[in-house]
Enquirer: 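A single structure is presented below for examination.
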2 protein chains.
Amino acid sequence: MPKNIYFCYMYSFTEENYLKAIYKLQEQSDLAINTNAIAAAIQTKAASVTDMVKKLSEKKLLNYEKYKGVELTHLGKKVAIDTVRKHRLWETFLHNKLNFAWDEVHDIAEQLEHIQSQELIDKLDEFLGFPSHDPHGDPIPGRNGVIQQNNFILLSELEIGESGIISGVVNHSALFLQHLEKNELVLGKKLLVQEISAFDQLVKVQIDDKKQQQLSSEVVRNILVKKLS
Amino acid sequence: MPKNIYFCYMYSFTEENYLKAIYKLQEQSDLAINTNAIAAAIQTKAASVTDMVKKLSEKKLLNYEKYKGVELTHLGKKVAIDTVRKHRLWETFLHNKLNFAWDEVHDIAEQLEHIQSQELIDKLDEFLGFPSHDPHGDPIPGRNGVIQQNNFILLSELEIGESGIISGVVNHSALFLQHLEKNELVLGKKLLVQEISAFDQLVKVQIDDKKQQQLSSEVVRNILVKKLS
DNA sequence: AAATATTTTTAGACTTGCCTAAAAATATAT
DNA sequence: ATATATTTTTAGGCAAGTCTAAAAATATTT
């Protein structure tokens with residue numbers, strides 16, 4: 001382990017990753033987070049999770065009772081959200097300033113999010129113009145840890161004749177993002193639902209009042225839109 | 001250790017730091033680099049250096065003979081220069097884009113230089129406009145590892161009546177850099193040597209054809225200038 | 001050339017984070 | 001309620017990188 005002051009005075013790379021993973025699981029499920037779920041999320045083994053969870057518990061970052069799963073403390077949640085904030089700001093930088101495609105930013109941001117410097121993040125935020133959302137439409141938590149909830153709905157929830165602006169994605173995989181990119185289904189595009197096949201659920205949409213396209217149910221269930229009244 | 005692909009497929013944080021430190025010692029001295037010098041440079045103990053040096057030797061990054069010091073191989077030098085390149089590009093980003101003062105960029109760049117992504121560095125380089133020098137006037141190695149040598153001389157080498165443009169510093173300490181900043185002695189300023197005291201070697205200079213100032217010999221020995229013919 | 005001092009290496013141990021395999025606890029099925 | 005299956009934890013070990021203290025090699029003095 002490096003003894004660089006920036007890597008020592010707070011939380012390690014690994015600790016931040018655990019906290020972030022637990023935070024995301026907590027968001028999804030509301031139930032107590034169990035060891036196996038964490039192991040799956042960060043691609044490690046349950047035994048390793050038990051070790052780390054004990055350590056995080058001693059540091060008051062989460063509450064842990066044997067065999068009963070974990071729950072982040074206020075502090076743990078703060079650290080997790082801060083890591084998410086850093087991740088999303090870096091993704092925005094990579095996309096908006098360095099012209100990385102939206103499916104390429106995640107892996108690099110996974111590294112950058114662990115750079116330790118509050119001043120760096122503040123200045124990056126300012127440099128980017130205090131963005132509210134990252135390139136995938138996910139909200140960027142504020143300095144204070146507040147996450148502005150957006151009222152996006154799934155494209156699959158739109159009825160025929162309704163329209164919305166593409167504002168985010170549910171599936172963040174590179175494969176899905178590349179697929180969207182290839183079909184011009186990027187953030188900001190306006191979609192009008194014209195037809196929903198009764199037979200195979202394919203959804204016919206019109207993009208930006210121009211070309212029409214058929215979207216699979218897999219696709220429409222993974223696109224978030226801001227509904228136009 | 002994280003298993004993130006980006007941290008695994010090449011050289012570790014620590015390995016890169018050793019290589020960079022050895023490279024810099026090699027630049028300064030030309031003699032074989034001994035264990036204690038490395039230990040001092042990266043603030044560790046000689047015993048730790050011996051361990052790491054063995055490891056780097058096995059990986060063909062340097063040549064090592066017991067009790068005889070080390071010498072980087074071609075590969076080791078390449079990795080070191082690449083790390084220097086990354087460091088200086090990040091310093092430039094921090095200074096030019098995020099408005100960090102020139103004495104604040106080093107520590108953050110020490111972290112950023114270990115982010116693993118060739119594409120990131122290429123795009124950062126482009127975003128910055130392919131800068132030739134970092135905020136301290138040090139040359140930024142090219143993708144190919146070539147370092148353009150500049151012909152700067154010490155301010156202390158200028159004779160009375162000669163002038164030069166501040167182009168770099170020898171001492172990189174925050175204390176010195178802050179001192180320069182406070183006295184408007186930043187990159188690009190033009191200095192005309194007007195007087196050199198025979199008694200205490202204080203150098204009287206005129207800055208940008210305007211205000212005059214006395215500089216200590218400690219200061220003039222640590223400023224690099226591009227001499228104006 | 002011998003004695004002393006310095007430098008470098010070895011030996012053994014520590015920490016973080018990970019692993020496998022076995023044991024213990026909990027959950028589910030009969 | 002007992003047996004089976006699953007999940008979780010323990011136990012013991014590994015790798016990277018660090019440390020201290022002692023041993024070995026090299027340098028310097030006398």
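Both backbone and side-chain heavy atoms feed into the values below; hydrogens, waters and symmetry mates do not. Chain A is the first sequence line, chain B the second, and so forth, proteins listed ahead of strands; every chain is numbered from 1. Predicted model only: the values in this text are computed from it and were never measured.
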Enquirer: Main chain of A/Val79, side chain of A/Thr83: is a donor-acceptor contact present, judged purely on distance under 3.5 Å?
Expert: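 Yes.
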Enquirer: Within the 4.0 Å heavy-atom criterion, would you say A/Lys68 contacts the bases, only the backbone, or no part of the nucleic acid?
Expert: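 Since no nucleic acid heavy atom lies under 4.0 Å of A/Lys68, the category is nothing.
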Enquirer: Does C/dT6 have OP1 or OP2 sitting under 4.0 Å from an N or O in the side chain of B/Asn36?
Expert: no
Enquirer: Output the rounded distance in Å from CD1 (B/Ile42) to C1' (D/dC19).
Expert: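 To the nearest whole Å, that distance equals 14 Å.
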Enquirer: Atom CE of A/Met52 and atom C1' of D/dT10: how far apart are they, to the nearest Å?
Expert: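 Going from A/Met52 (CE) to D/dT10 (C1'), I get 17 Å.
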Enquirer: Please classify the nucleic acid contact of A/Asp51 as base, sugar-phosphate, or nothing, using heavy-atom distances under 4.0 Å.
Expert: base
Enquirer: A/Ile38 CD1 to D/dT8 P: how many Å, rounded?
Expert: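 The distance from CD1 of A/Ile38 to P of D/dT8 comes to 9 Å, rounded to the nearest Å.
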Enquirer: Taking distance alone, no hydrogens or angles, what donor-acceptor pairs closer than 3.5 Å link side-chain atoms of residues 128-142 of chain B to residues at least two apart or in another chain?
Expert:
unit_1   : atom_1 : unit_2   : atom_2 : d
B/His133 : NE2    : B/Asn150 : ND2    : 3.2
B/Asp134 : OD1    : B/His136 : N      : 2.7
B/Asp134 : OD1    : B/Gly137 : N      : 3.1
B/Asp134 : OD1    : B/Asp138 : N      : 3.0
B/His136 : ND1    : B/Glu91  : OE1    : 3.1
B/His136 : NE2    : B/Trp102 : O      : 2.7
B/Asp138 : OD2    : B/His172 : NE2    : 2.6

Enquirer: Of the listed nucleotides (D/dT9, D/dT7, C/dT9), which one gets closest to any side-chain atom of A/Thr50?
Expert: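 Among D/dT9, D/dT7, C/dT9, the one nearest the side chain of A/Thr50 is D/dT9.
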Enquirer: Ignoring backbone atoms, establish whether B/Lys45 has a side-chain N or O less than 4.0 Å from OP1 or OP2 of D/dT20.
Expert: yes
Enquirer: Whole angstrom is fine here: how far is it from OH in B/Tyr64 over to P in D/dA25?
Expert: 13 Å
Enquirer: Has the side chain of B/Thr92 got a donor or acceptor atom that lies under 3.5 Å from a matching backbone atom of B/Arg88?
Expert: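 Yes.
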Enquirer: Strictly distance-based, threshold 3.5 Å: is any side-chain N or O of B/Gln111 a donor or acceptor partner for the main-chain N or O of A/Gln116?
Expert: yes
Enquirer: Rounded to the nearest Å, what distance is computed from the NZ atom of residue A/Lys54 to the C1' atom of nucleotide C/dC18?
Expert: 14 Å
Enquirer: Any side-chain N or O of B/Lys66 below 4.0 angstrom from OP1/OP2 of C/dT10?
Expert: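 Yes, because at least one side-chain N or O of B/Lys66 sits under 4.0 Å from OP1 or OP2 of C/dT10.
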Enquirer: Round to a whole Å and report the spacing from CD1 of A/Ile33 to P of D/dT8.
Expert: 11 Å
Enquirer: Relative to the ring of B/Phe93, is the ring of B/Trp90 parallel (under 30°), tilted (30 to 60°) or perpendicular (over 60°)?
Expert: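 Ring orientation of B/Trp90 relative to B/Phe93: perpendicular.
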Enquirer: Between the protein and nucleotides 21-24 of chain D, which nitrogen or oxygen pairs are less than 3.5 angstrom apart?
Expert:
none

Enquirer: Rounded to the nearest 0.5 Å, how far does CG of A/Leu185 lie from CD1 of A/Ile166?
Expert: 4.5 Å
Enquirer: For B/Glu58 and D/dA16, give me the distance from atom CD to atom C1', rounded to whole Å.
Expert: 13 Å
Enquirer: Whole angstroms only, please: what is the OH-P distance between B/Tyr18 and D/dA16?
Expert: 14 Å
Enquirer: Do B/Glu65 and B/Asn63 have side-chain heavy atoms sitting under 4.5 Å apart?
Expert: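 B/Glu65 does not reach B/Asn63 side chain to side chain.
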Enquirer: Look at all strands and tell whether A/Thr35 reaches a base, only sugar-phosphate, or nothing, counting heavy atoms closer than 4.0 Å.
Expert: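 A/Thr35: backbone/sugar contact only, no base atoms under 4.0 Å.
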Enquirer: Give every residue pair that meets the salt bridge (Lys or Arg N to Asp or Glu O under 4.0 Å) criterion with at least one member in residues 69-81 of chain A, sequence neighbours excluded.
Expert: A/Lys78-A/Asp82
Enquirer: Between C/dC19, D/dT9, C/dT10, spot the one nearest the side chain of A/Thr44, thanks.
Expert: C/dC19
Enquirer: Counting just side-chain N and O atoms, does A/Tyr11 come under 4.0 Å of either OP1 or OP2 of C/dT16?
Expert: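 Result: no.
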Enquirer: Please compare B/Asn34 and A/Ser48 by the position of their nearest nucleotide in DNA chain C and report the one closer to 5'.
Expert: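 Looking at DNA chain C, the more 5' nearest nucleotide goes with B/Asn34.
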